[in-house]
Amino acid sequence: MSTTELPKQYNPLESEAKWQKYWEESGVFVAASESEKEPYCIMIPPPNVTGSLHMGHAFQEVLIDILIRYHRMRGFNTLWLPGTDHASIAVQTILDKQIKAEGKTNQEVGREKFLDRAWKWKAESGGTIVSQLRRLGVSADWTRERFTMDQGLSNSVTEAFVKLYEAGLIYRGEYLVNWCPESQSAVSDLEVDSKEVNGHLWHFRYPLADGSGHLVVATTRPETMLGDTAVAVNPEDDRYKHLIGKTIMLPIMNREIPIIADQYVDPKFGSGCVKITPAHDPNDFEMGKRHQLPLINILNKDGSINENGGEFQGQDRFVARKNVVAKLDELSLLEKIEDYAHTVPYSERGKVPVEPLLSIQWFVNIKPLSDFALEQFDKQNSPTFVPDRWGKVYRDWLIRLKDWCISRQLWWGHQIPAWYAPDGTIFVARTETEAYAQAKAKFGEDITLERDPDVLDTWFSSGLWPFSTLGWPEQTQDFETFYPTSVLVTGFDIIFFWVARMTMMAGYFTGKMPFHTVYIHGLVRDENNQKMSKSKNNGIDPLVLINKYGTDALRYSLVKEVTGAGQDIRLDYNRKTDESTTVETARNFANKLWNASRFVMMNLNDMKTSRGSFHIENLELADRWILSRYYQTVLQVREQLDAYSMGEATKSLYEFFWGDFCDWYIELVKSRLQEEANPTSRATVQQTLAFVLDGILRLLHPFMPHVTEEIWQLLTYGTSEPSNDHPVLAIQPYPEIDTTHINEELEEQFKLIIGTIRTIRNLRAEAEIKPSLKVKVILQSDSGRERTLLESGQSYILDLARVEDLAILATVDELATEEAIAGVVGTVQAIVSLVGVVDIAQLVAKLERSLKKLEGAIASSQGRLNNEGYVKKAPPEVVATARAELEESLKQQEILKARLAQLQK
């Protein structure tokens, strides 16, 4: 396409596909391993390989892309490293369902064939999210794309595990873990969603073993009483001091258990007696350790009751719950049942209540790692959080951390590099060969080892992401160049899951924090300001909006909605029509950019832009003003981007382009573009238009890369067809600040000229003067400085306000205000003569009719709103609308009265 073929409408889908393909194929976004340029690196928060692009992804990746493109244009050696996470539980769940649908079990399929299926699924379906990210126009270096289970990252994971184990920071032990019966795997505290449920609190009588009475205990999980090994009371509770040391005969199980004293027990809660089940409650577990109580596990891994549950063996936990209550009722040991709202932990993936379960798992001793990260934050403020309020959240989390359970009972993932001898001796090694070498050194040649079947928590590999992706543990050139990375852009919801784990892992293995800054963004909320979620089914598919309005429109609208770093945004959306007025407005902005550029290019006479080549001595007032405004905008936008105020930057650009450049400068200089205009003036305005438009395209490029690239190619080379001979806008310099062109006094003065034009236009509209008619205007000001300024802008006022006779005076005769309409801008009075352009009597009559009609509507509205019955019965939104309409009518009434007063004086 050439400038002579420019259509009136921008075609985003055609342009976006073209430039996305060319940028990638031509290597525009490939970072240099070695460069004299300052490095700037952001790692993508790796989306799950099972995922599809949702609005949260779109928002986050757009924010990253803006920072990346901005720094690339500033001359940094810029790397945005993309990749995906293997998503252990999500992939396992998909394959489990497939295998179940075939009437088989995982055990029948076997681990090796299961993993073959997983890799095949990944090859066929795992690229969806990546192709969708490309649709966003992200300027990632796809030559460095990583997957958390590719060979290099798998080696890094193994190395990290072995090093931590050798340092005594990874251990294996029997502890209570969060167990998901659905996925039959341990889950971390961070993979648990706490939900408020309306349940019950059951109160049971536990008989004293000597037959002298009973104690009442309460529980929300009656089935766990099958594993009780004590009843606890507070040692200071006078009601039970005499019973400490005696025993209870546990109902149903007929097991004698002790009454113990522990400060943990709250005497004011319930009866003051607490049943203790050390194998199924974390607090009871700690109390059991203090009192050397036996641990009796009553659950199988699928959540059913095991052999320790007596007559309830084989029953599902919730079936057993009902049956235990019924049995105790039958034994006359059910004291009462209360309705009870309480919090129940649910498995994030399995969607079922988790069970605290005694299990042998692998753990990371987290304190040495968290202590180093905490020291870096307290002493160096590293990393820096934006907004800074999240730093406190991060710090509090580091302080509260418990040891991290890292083993998962799954097959898809990084298999734990540990092998067991027949006697249970553990050999942790990088390879099976290395493990056998260790075992043979201990037991001799005739030894057989079995590898631990569990895999590592997905977050273990994700915790290594900032440095494993650069080649660690090898000291690669990429690692030397880009580590530590520059910024992490992520949501607040994974500060605990991911951010803290990366800082701890990086601190231990590299001695440095993995990134200088953590930019925490907010959420994209739906049209009702609700958080988007699968459970609410209120997500908005970004690809639907991209197909309707274009990628740049979606990118711009998402960022423009941000008001302050880290704030949530609301995206309006009509679910019936798949339309969004917010994104449509951004699409209109892209079209405005296209059409304004089209106008400029059609008036350049094939002159190509050449930055800064105009002659300063030839610049006229409007030229000097737009250049000052342009460089002020450059200054403002760079400061805003450097401060992560990306929403504010889009607003600054919008106001400059649409307001200063389109609404005013282009209109001010149109007459100078005519063939008959002074050649020097014409050439100057052409160069100024081209220069400022070129700068606008550069400023906007990080936000709207496709439309700006398309226009810039046309402006610079006269064609938008990609060519290796034509460098792309994506790697052009970002506009620099030139303070010599900034003239704040001129900008203030020019506000008066613009305000005067606007005031005259408003007066014309109020008097209903036809646009084709020119008017006579008097501008009166006591200030000689203002009069001089108005005189310097006289040609602009005559042209844009459609004025044929303009007088700029210090004083005005009263006769001049007769048959005229007046307005004020600052301290300047603008008087528009109506003689010969308006039939005043006819206009007055029309305004009086409008006023009468309006006053009737006002009286009607006031009558309804003063009626208490109407206000009470009508829906609140109807009443609110009526009040707003009345307020607007009263404002219109004031305006009409003021107009009439002017015309009738």
Side-chain angles (χ1 to χ4, degrees), residues 24 29-31 33 41-51 57 61 79-92 94-95 111-134 138 140-164 406 408 410-417 429-432 434 451 454-483 485 488 498 501-502 505-506 509-510 514:
E24 190 171 335
F29 305 139
V30 176
S33 293
C41 177
I42 298 179
M43 302 292 180
I44 192 173
N48 285 347
V49 70
T50 56
H57 287 136
E61 310 322 332
L79 170 61
W80 180 3
L81 193 145
T84 48
D85 185 88
H86 62 276
S88 288
I89 296 175
V91 173
Q92 180 99 17
I94 290 169
L95 295 176
R111 184 174 194 137
E112 187 175 342
K113 289 185 177 178
F114 179 93
L115 291 176
D116 287 344
R117 282 179 177 235
W119 282 106
K120 184 180 179 184
W121 178 92
K122 193 264 179 186
E124 293 174 352
S125 305
T128 300
I129 186 74
V130 171
S131 63
Q132 292 172 334
L133 285 172
R134 282 179 158 99
V138 299
D141 183 349
W142 294 104
T143 66
R144 285 177 165 89
E145 182 183 356
R146 304 305 300 264
F147 175 56
T148 49
M149 279 181 61
D150 68 33
Q151 191 57 55
L153 298 197
S154 294
N155 292 342
S156 299
V157 168
T158 300
E159 184 68 19
F161 187 97
V162 172
K163 284 183 177 292
L164 288 170
I406 55 171
R408 298 291 182 269
L410 304 167
W411 283 351
W412 175 246
H414 297 102
Q415 191 171 355
I416 290 174
R430 291 167 180 81
T431 64
E432 186 175 60
E434 189 180 311
R451 188 169 184 178
D454 291 352
V455 300
L456 286 165
D457 175 15
T458 301
W459 294 103
F460 188 92
S461 57
S462 297
L464 307 175
W465 183 255
F467 50 99
S468 64
T469 50
L470 296 172
W472 183 91
E474 303 301 324
Q475 292 295 307
T476 65
Q477 189 58 54
D478 271 5
F479 182 83
E480 290 291 330
T481 300
F482 294 108
Y483 188 83
T485 66
L488 173 72
W498 193 39
R501 283 172 176 164
M502 284 190 287
M505 292 289 223
F509 289 115
T510 72

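Small disclaimer: the values here were computed from a predicted structure and weren't measured.
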| request: Would you check if H57 and P47 make a side-chain contact, meaning some heavy-atom pair closer than 4.5 Å? | output: yes
| Quick one: does T84's side chain get under 4.5 Å of I129's, heavy atoms only? | yes
| task | Can you see which heavy atom on P466 is nearest to which on T485, and at what distance? | result | O-CG2, 4.2 Å
| said: Is the shortest side-chain heavy-atom distance between R134 and V138 below 4.5 Å? | reply: no
| query | Can you name the side-chain contact (heavy atoms from CB on, under 4.5 Å) partners of P46, sequence neighbours left out? | reply | D85, W465, W498
| Between W412 and W121, ring centroids under 6.0 Å | no
| task | Quick one: sort the F509 and W472 rings into parallel, tilted or perpendicular, breaks at 30° and 60°. | result | tilted
| message | Ignoring hydrogens and geometry beyond distance, is a side-chain donor-acceptor pair present between T481 and Q477 at under 3.5 Å? | response | yes
| Qualifying side chain to side chain donor-acceptor pair (under 3.5 Å) pairs with a residue from residues 141-151, counting only residues at least two apart or across chains | S33-R144, H86-T148, D141-T143, D141-R144, R144-D478, R146-D150, Q151-N155
| query | Given side chains that start at C-beta, do those of T128 and Q132 come closer than 4.5 Å, heavy atoms only? | reply | yes
| task | Could you tell me whether the side chain of R111 reaches within less than 4.5 Å of the side chain of Q415, counting heavy atoms only? | result | yes
| said: How long is the straight-line distance from CD of E61 back to CD1 of I42, given to the nearest 0.5 Å? | reply: 10.0 Å
| task | Measure the CD1-CG distance between I416 and D457 for me, rounded to the nearest 0.5 Å. | result | 10.0 Å
| said: One pair to check against side-chain contact (heavy atoms from CB on, under 4.5 Å): M502 and F467. What are the steps and the verdict? | reply: CA-CA 9 Å; M502 284 190 287; F467 50 99; over 6 Å; no
| message | Could you work out, with ring-ring contact (aromatic ring centres under 6.0 Å, His included) as the rule, every residue matching F29, not counting sequence neighbours? | response | W23
| message | Test side-chain contact (heavy atoms from CB on, under 4.5 Å) on L81 and I44; report intermediate values, then the result. | response | CA-CA 6 Å; L81 193 145; I44 192 173; 5.7 Å; no
| Do you know the tightest heavy-atom contact between T158 and A429? | CG2-O, 4.2 Å
| Rounded to the nearest 0.5 Å, what separation is found between the CZ atom of F479 and the OG atom of S468? | 10.5 Å
| field | Test item: D454 and I406 side chains (from C-beta on) under 4.5 Å apart, heavy atoms | value | no
| query | Is a donor on one side and an acceptor on the other found under 3.5 Å between the side chain of T476 and the backbone of L470? | reply | yes
| request: Kindly indicate, with the supporting measurements, whether the criterion side-chain contact (heavy atoms from CB on, under 4.5 Å) is fulfilled by H414 and V157. | output: CA-CA 8 Å; H414 297 102; V157 168; 3.9 Å; yes
| field | Test item: Q92 side-chain N/O and W411 main-chain N/O as donor-acceptor pair under 3.5 Å | value | yes
| field | Closest heavy-atom pair and its distance - Y483, A506 | value | OH-CB, 3.3 Å
| message | Working to the nearest 0.5 angstrom, can you tell me the gap between R451 CZ and E432 CD? | response | 7.5 Å
| said: For F147 and K122: C-alpha separation, side-chain torsions, deciding distance, then whether side-chain contact (heavy atoms from CB on, under 4.5 Å) applies. | reply: CA-CA 11 Å; F147 175 56; K122 193 264 179 186; 3.9 Å; yes
| field | Side-chain heavy-atom pair V30, L79 within 4.5 angstrom cut-off | value | no
| Does K163 have any salt bridge (Lys or Arg N to Asp or Glu O under 4.0 Å) partners at least two apart in sequence or in another chain, and if so, which? | E159
| Less than 4.5 Å apart, any side-chain heavy atom of F460 and any of L164? | yes
| remark: Heavy-atom closest pair (T50 atom, A90 atom, distance to 0.1 Å) is OG1-CB, 3.7 Å
| task | Please name all residues satisfying salt bridge (Lys or Arg N to Asp or Glu O under 4.0 Å) with E434, sequence neighbours left out, ordered by chain then number. | result | R430
| Taking only residues two or more places apart in sequence or in another chain, which ones pass ring-ring contact (aromatic ring centres under 6.0 Å, His included) with W80? | none
